[in-house]
> 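Got a structure for you, questions after.
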Amino acid sequence: MDAVPGWLEVTRAGLRLRQADVWLDPARPVPRAIITHGHADHARGGHGEVWATPETLAIMAARYGPQPGAHALVPGATADLGGVGVSLHPAGHVLGSAQVRLEGPDGTVVVVSGDYKRAPDPTCAPFEPVPCDIFVTEATFALPVFRHPDAREEVLRALAALRVQPERCLLVGAYALGKAQRVLALLAAVGWARPVFLHGALLRLTALYRELGISLPETRAVADVPREALAGEVVLAPPSALADRWSRRLPGGGQGPILAMASGWMRVRARARQRGVELPLVISDHADWDELTATIRELGPREVWVTHGREDALLHWCALERVPARALHLVGRDDEDD
Amino acid sequence: MERFASLLDALGRTSQRNAKLGLIGAYLAATPDPCRGWAMAALTGELRLAAVRPQLVRKLIEARMDPTLFRLSYDYVGDLAETVALLWPDSGPGAAAPSLSEAVARLQSLSRAEAPAVLAGMLGTLDVSGRFALVKLATGALRVGVSARLARVALAEAFGLDVGEVEEVWHGLSPPYLPLFRWAEGRGPRPDAAGQPVFRPFMLAHPLEDPGRIALADHLVEWKWDGIRVMAVVSGGERRLYSRDGNDISEAFPDLLPALAQDMVLDGELLVRAPGGGVGSFHQLQQRLNRRTVSQALLEAAPAFIRAYDLLFEGQTDLRALPLAERRHRLERMVAGLAPGRIDLSPRLEAADASRLDALRRAPPDPGIEGLMLKRLDSPYVAGRVTGLWWKWKKDPLTADCVLMYAQRGHGRRSSFYSDFTFGAWADGTLLPVGKAYFGFTDAELAWLDRWVRAHTIARFGPVREVEKRLVLEIAFDSVAPSGRHKSGLAMRFPRIARIRADKPAEEADTVAAIAALAQAGR
Ligand SMILES: [Zn+2]
């Protein structure tokens, strides 16, 4: 398992192309970086040159300001970075999310998945399986207890709870990038015809999704409507807002709003309880256990590297399947947001 | 099963008392017999099943998946029933899922040899929530933060009944309580507990806030003894002792039972005799609790007796509607005819005015006295805490009954024990943490608390365990002050565990407001 190609450096700080000195999703500002997607634990501000999809660059610009050294790389196009052929391929995680295919001068192909999922998502391009020698996978939900159900069923369940308590509002905690917009699209897909009300922290990225051509249902800012008008309505907010005073002012017929949270972690009771969530919605933008293992089987790589998450279980599964695998123990990854 | 499973899901997600009451009530109103009765039995801890051992459940799942992957999952999830519920392979449409009463019937008739196949068969027909509920039922530990009392309050509220009446009727019935539901829905008479040695709900007191406003001449004044409040019930020669939460604790007191020599229902304080003849310590009394068999040595070292407060039934005659003065008269007459070493009267005290009363309270003649009780002489005996009839005035006001919420491992010598305890008090039906205590208990109590924590864990966060909110701890503290650091808005100075009150229902723990009132009194 020492088969790290000479052109690639692997440390706990991340992966780096030696010749061109380019880092993948570095945790600290570097002169040159390839970014898989816009989540803050992958895309940080302050890099010099950045290679990413046009959507990811737009998200980074919205979050960190103009990116003077940006190189847009459309999926499928190849850039040569110090003799390594670099191309991006949809990861199905959030808008703009990409896997990075690296083809070294020795012909070895390494695919870095970044965060990914296989479940359908109308707000981003679907995951594209890319044949490779070494597959670098995430492991956020790499335990067999994590099986994400059909996200539409989860949304229907939430709407059913709202229907029987129309004096309350349904407050859904959803991460500002990706999850919130996916929940919006899901609401439209199951036939929710009312406007959806957004916490201020979700407005900018939702507007950006629309600018980038993603069709979403009508939304309004919570701040623009009287609070009492929100009874019977759906409100989206970042997870941090669920516990604060802001949420207590929403209509709740004496019990407060129906507190829901859209996250893969909601599959486990203690995690839902920790958040004080009344209605856990198992909606994740990460691959669940079945997707992680099926993807490795489908790609049949020579070797698997596991970046972050619950790597023990995935390494054990790889051993059972006789696929050589190792953990990279990357620092600076945060899996609490999904 | 589906309805019961979603009830458990929802109960597990809320810590608000009112929300729990609403959920249970809605379930009972919408679920037919006999399922709702079995659900009540499960919630009140009266469902006794030929226990399926957790080990069996574990073996079943390990036969269906890689054991290492199971172990990693269990480590992460922290609860066996939940882990198995999540991991059990989903089956397509097939055999219909059992109803709650069908599942109970199958589990009740199970032999050890049949258990694996029957349990696996049922798991195969259920979804995640259903599997969770089934394993919880089968292994006999629901742990959804609902006490027996809360479940009965929910039933009373759902059907517009008086909870005292429900409590009383309850103890004469067994699952699935069909006569109870017939009565609740107006389809049948009130089940009659007459002639059975059943629990009768206690009358409780309010803390006395303004002694100057009490008309002393209208009250019976007596000591508040520091033991365990008991209801001694004798009917047709059958003798029972019930603690505050309605638990039958007769078995632990074989020395006392024969002294209950006539049919009656008597409210009193259970105490033990110290070697010198006075009142033994609470600790000695506690050693006699929770025992199936009591050694002769213990019986001799700490003989039990009852100090009688009140008489609810004389023979089969219900005295509860009579004024206290009349009940007291009959109580005195009855106690005079019973074995004096085992049952005596709580003496009546005389105090001419509030300041003499206060002097009594501050300097009681016996360490086994907790304070004073003031009871209106015309008060009927009514279940629960009725305002304006009975008052308690504690010797040391700086104690509060709190509910254990979290426990954390200690340091050094205690690192293998859960020894740091976070406890809370009630506010609007929710428990809010009010402090943390690290000491005040003996080694034996620490070992007991550690075992309790491990057996009642509902979630783990690193070194911290969240426990079921049902153990009452009497917390003593030097002072209490307003604080912005805690959600409760209070900070206790030097809190310690004065005693473990396993006999007390969590709903009767103190409120944040009551503790805040102590802060105001600012002693
Ligand atoms: Zn991500």
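First the proteins, then the strands, lettered A, B, ... as listed; each starts at 1.
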> Under a 4.5 Å heavy-atom cut-off, does chain B meet the side chain of A:R267, its backbone, both or neither?
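It is both, since atoms from each part get that close.
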> Kindly indicate whether the side chain of A:V268, heavy atoms from C-beta on, has any atom under 4.5 Å from the side chain of B:E82.
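A:V268 reaches B:E82 side chain to side chain.
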> How about residues 65-75 of chain B versus chain A: which residues have heavy atoms under 4.5 Å apart?
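Contacts with chain A: B:M65, B:D66, B:T68, B:L69, B:L72, B:S73.
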> Count the heavy atoms of every other residue, nucleotide or ligand shown that sit under 6.0 Å from CZ of A:R12, and state whether that count exceeds 12.
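Correct, the count exceeds 12.
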> Could you check whether any side-chain N or O of A:R273 sits under 3.5 Å from a backbone N or O of B:I458, counting only pairs where one atom can act as donor and the other as acceptor?
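Side chain of A:R273 to backbone of B:I458, a donor-acceptor pair under 3.5 Å: yes, one is there.
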> Once rounded to the nearest 0.5 Å, what's the spacing between atom CG of B:D9 and atom CZ of A:R269?
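It comes to 4.0 Å.
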> What do you reckon, is CZ of A:R152 surrounded by more than 12 foreign heavy atoms closer than 6.0 Å?
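Counting neighbours around CZ of A:R152, 12 or fewer heavy atoms of other residues, nucleotides or ligands fall under 6.0 Å, so no.
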> Under 4.5 Å from any heavy atom of chain B, what part of A:V277 do you find: side chain, backbone, both or neither?
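Interface part for A:V277: backbone (N, CA, C, O).
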> Given that the side chain runs from C-beta out, which part of A:L259 has a heavy atom under 4.5 Å from chain B: side chain, backbone, both or neither?
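When you check distances to chain B, no heavy atom of A:L259 falls under 4.5 Å.
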> Write down the atom of A:E278, the atom of B:R13, and the distance for their closest heavy-atom approach.
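Of all heavy-atom pairs spanning A:E278 and B:R13, the closest is O-CD, 3.0 Å.
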> Can you establish whether the number of heavy atoms outside A:E321 located under 6.0 Å from its atom CD is more than 12?
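More than 12 heavy atoms, drawn from other residues, nucleotides or ligands, come within 6.0 Å of this atom.
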> Is chain B contacted by the side chain of A:A313, its backbone, both, or neither, given a heavy-atom distance below 4.5 Å?
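Backbone plus side chain of A:A313, per the 4.5 Å heavy-atom cut-off to chain B.
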> My understanding is that only residues two or more places apart in sequence, or in another chain, count here; which of them pass side chain to side chain donor-acceptor pair (under 3.5 Å) with B:D428?
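B:D428 satisfies side chain to side chain donor-acceptor pair (under 3.5 Å) with no other residue.
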